[in-house]
Amino acid sequence: MYSDVSTEQLTDSQRQAVFHRDGPLLVLAGPGSGKTRVISCRIAALIEAGVRPDNICAITFTNKAAEEMRRRLAGRISNGVHISTFHSLCVRILRRYAEAAGIRPNFSIYDTNEQTRCMKETVRQCDVDTSNFPPARMLEFVSNLKNDLESVEQYRARADDYFGKTVARIYAMYQQIMEQNNAMDFDDLLTRTAFLLRDRPDIREELSRRFGYLLVDEYQDTNHAQYQIAKGLALAHGNICVTGDPDQSIYRWRGADIENILAFEKDWPNAQVIRLEENFRSMSKILETADRLIAFNAIRKHKMLIATRGQGGRVDIFARTDERDEACQLAEQLQQLLDEGVNPNRMAVFYRVNSMSRAVEEAFIRRHIPYQVVRGVEFYSRKEIQDMLSYLKLIANPSDDIAFVRATGTHSRGIGKSSVDRLIEYAKKSGQSLLAAAHSAGKEGSIRPAGAKRIEEFAKMIDGFAALAGGEVSPLMDIVFAQSGLADALRAAGEQTAIENINELINAAAEFDGQTENPNLLDYLQSIALYSDSDAYDPDAGRVSLMTLHAAKGLEFDYVFIIGLEEGLLPHERSRSSKDDLEEERRLFFVGVTRAREALAVSYARYRTLRGQFIRSTPSQFLYEIGYAGQEQETADAEKIFEPEQYLTPQAVPDICGQSDYERFSPRQLVEHSKFGLGRVKEFLDLGADSVVVVQFNSGKTKSLMLKYAKLRRPGSGTNLSSGKEEAQRYVEDPFLL
DNA sequence: CATAGCCGCCTTTTT
DNA sequence: GGCGGCTATG
């Protein structure tokens with residue numbers, strides 16, 4: 001009856017999880033423990049036991065995971081089960097209860113780019129110094145407040161210093177501008193839903209009746225807002241089943257709170273806890289490697305990884321010269337597998353940062369190795385796509401001033417910057433949106449008559465499009481593309497690829513039209529706003545997959561290659577300062593390792609080009625932890641291969657960069673430079689003789705200095721300098737340096 | 001008003 | 001090294 005939810009071959013503990021009926025359930029599921037299958041089987045079992053499908057709500061981490069689950073449940077009986085991400089669920093709830101939430105249902109969802117524009121405008125309007133309150137930092141700050149469900153009023157009440165009070169003003173203004181634009185950012189979707197559930201018990205109960213059974217996957221990566229939403233939805237009935245693995249929590253930086261899963265039993269005292277510790281995915285050698293690695297994390301619940309797939313498998317560690325060499329040898333290894341007839345679908349390459357795909361892609365192209373880069377949002381962030389979408393956003397939400405500004409500027413049409421600036425002034429004075437003000441631009445004397453005329457024409461054009469915006473999206477797109485003048489402008493400029501990209505966008509929209517029950521512009525825009533990187537992964541592409549370690553979560557491959565195991569990269573530079581961050585990096589590597597079924601190859605490069613600079617690198621400490629003995633053996637072709645032989649124990653981590661005849665600095669330390677004066681160390685890249693020190697000087701400038709050339713002095717330890725204490729007082733504190 | 005060229009910025013991971 | 005924003009110029 002169900003495509004992949006046969007319960008015949010389940011283990012005892014899996015069976016327990018599947019057939020647990022009512023009440024809270026915590027499933028601690030290790031990697032490769034068949035968690036997805038268990039959830040799918042559980043949904044099927046609930047339906048079998050008489051629960052109505054539309055009474056079940058399953059929350060997955062990505063749209064892709066939701067899709068996968070729908071496929072597993074592909075039976076007529078399961079139709080109606082609500083399966084989506086937290087964000088999609090929130091969009092549905094907010095549109096359904098828009099009035100109660102105090103919003104309009106046709107809201108725009110702002111991506112990072114639009115958020116930044118909005119925050120820049122905010123900081124400008126608050127009239128504060130952008131160097132002390134940089135928009136990107138403010139965005140991060142505000143985002144954290146929202147993830148913790150702290151409202152403007154709450155934050156204002158506890159902000160007592162200048163910095164806090166200014167941030168409170170910025171937070172308030174940002175929310176006001178978002179509201180004027182009838183827009184929400186990713187955080188707003190969660191917070192507004194959480195507040196709605198908190199403030200409206202009637203709606204909360206209605207939703208509890210609607211969803212009598214709640215399942216939340218990847219629970220270790222929920223943030224506080226998501227946690228409250230899940231709790232709110234299940235409060236009335238307690239039928240909440242959460243699954244996850246604390247060792248795979250990799251979104252702490254985004255507000256994910258590992259405590260949510262660790263403390264589940266406190267929230268729901270009658271919770272049943274089931275551990276899935278058997279691993280059906282990886283061969284023993286790979287599991288041993290993963291086990292050894294994660295044992296170095298101090299903050300964790302001990303969990304077993306029990307191998308069931310039998311002995312064997314391969315783990316190799318390779319040292320390469322630089323990123324080009326690393327990529328070439330990687331291509332070579334993959335080519336060998338391909339020559340043996342291995343399907344490229346079974347292979348994947350993981351890396352820490354997106355920019356690392358470049359060298360690999362170049363090597364793959366040279367060797368004609370078919371590959372896919374799993375980076376879905378990349379397509380949607382292209383200029384021409386964003387331009388095209390700005391028209392559609394404006395049509396769907398006439399209050400969206402950010403869309404208005406973008407749409408008017410997609411190509412030259414006689415509306416210049418000064419006209420737009422004056423229109424903005426006019427709109428502000430008269431309390432209208434830009435589009436509304438544009439209709440009467442001629443009445444505003446300060447706008448040049450020619451410009452005003454063009455602006456009015458533009459507004460009429462958008463009205464014309466809006467009249468056609470009833471059902472399917474792709475026909476509307478065709479019209480907008482042609483009649484907006486964008487198509488002609490791109491053709492005239494010879495932007496062939498841009499035109500092709502837009503055509504691809506229209507094709508994708510046609511697909512959306514075909515697959516959606518009642519296709520409409522609003523649903524389309526909201527679905528692409530919540531589109532994520534991992535959604536682009538096609539398991540049947542017939543290509544080797546390239547992706548970040550984050551995107552690899554939830555996937556598995558027979559052959560896994562992880563590149564760039566270097567200090568500063570994995571663990572990442574920005575994560576080395578705190579122990580918690582370092583542990584998260586280790587979990588990230590753990591996630592990568594445990595994706596492998598049969599073979600894992602890990603590599604690092606001795607030199608790597610970073611920010612255009614060729615610098616020496618140090619092998620990652622994680623390599624030592626998984627058993628890289630540090631004894632390099634040169635083979636004939638200068639390729640160095642290590643077989644893990646000697647293993648470290650978590651207690652005996654050697655100081656890898658122990659020996660030093662060079663000076664070393666640590667963050668926050670005061671230093672003095674002969675030319676730039678006094679400053680504070682922000683970062684220290686320990687690269688032996690080539691070490692780099694990043695110093696923020698009193699002048700406000702931050703400089704990266706090569707240690708061997710910079711001649712930095714430590715105030716206080718020098719000969720003719722006054723004591724360090726006095727120097728510290730002379731130094732102007734930057735509120736962000738902490 | 002539009003464009004070209006230059007300067008200065010950042011550069012982790014993502015819903 | 002790559003992009004976005006600003007400025008000077010046509």
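Predicted model, so just to flag it, every value in this text is computed and none were measured. Quick note on labels: first sequence line is chain A, next is B, and so on, each numbered from 1.
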| remark: With B for base contact, S for sugar-phosphate-only contact and - for none (protein heavy atoms under 4.0 Å), nucleotides 10-15 of chain B reads -BBBBB
Have a look at [X] and say if it touches a base, only the backbone sugar-phosphate, or nothing, with a 4.0 Å heavy-atom cut-off.
{"X": "Arg413(A)", "answer": "sugar-phosphate"}
{"X": "Thr609(A)", "answer": "nothing"}
{"X": "Leu549(A)", "answer": "nothing"}

| query | What's the verdict on side chain to side chain contact (heavy atoms under 4.5 Å, CB included) for Asp247(A) and Gln220(A), showing C-alpha distance, side-chain angles and the deciding distance? | reply | CA-CA 9 Å; Asp247(A) 288 337; Gln220(A) 78 281 354; over 6 Å; no
| query | DNA chain C: Lys120(A) or Arg358(A), which has the more 5' nearest nucleotide? | reply |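 Upstream on the strand: Arg358(A).
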| query | Does the distance from a Lys or Arg side-chain N to an Asp or Glu carboxylate O, for Asp488(A) and Arg413(A), drop under 4.0 Å? | reply |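 Answer for the salt bridge query: no.
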| said: One pair to check against side chain to side chain contact (heavy atoms under 4.5 Å, CB included): Met388(A) and Leu486(A). What are the steps and the verdict? | reply: CA-CA 8 Å; Met388(A) 181 67 197; Leu486(A) 182 58; 4.3 Å; yes
| Run the side chain to side chain contact (heavy atoms under 4.5 Å, CB included) check on Leu233(A) and Cys57(A) step by step: do they pass? | CA-CA 10 Å; Leu233(A) 288 172; Cys57(A) 175; 5.5 Å; no
| query | Hey, are Gln175(A) and Glu179(A) close enough side-chain-wise for a donor-acceptor pair under 3.5 Å? | reply | no
| message | Nearest whole Å is fine: how far is dT3(B) P from Lys417(A) NZ? | response |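 Those two atoms, NZ and P, are 16 Å apart.
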| Which atoms form the tightest heavy-atom contact between Phe350(A) and Leu549(A), and what is the distance? | CB-CD2, 3.6 Å
| query | What distance, rounded to whole Å, do you find between the two C1' atoms, one in dT13(B) and one in dG4(C)? | reply | 22 Å
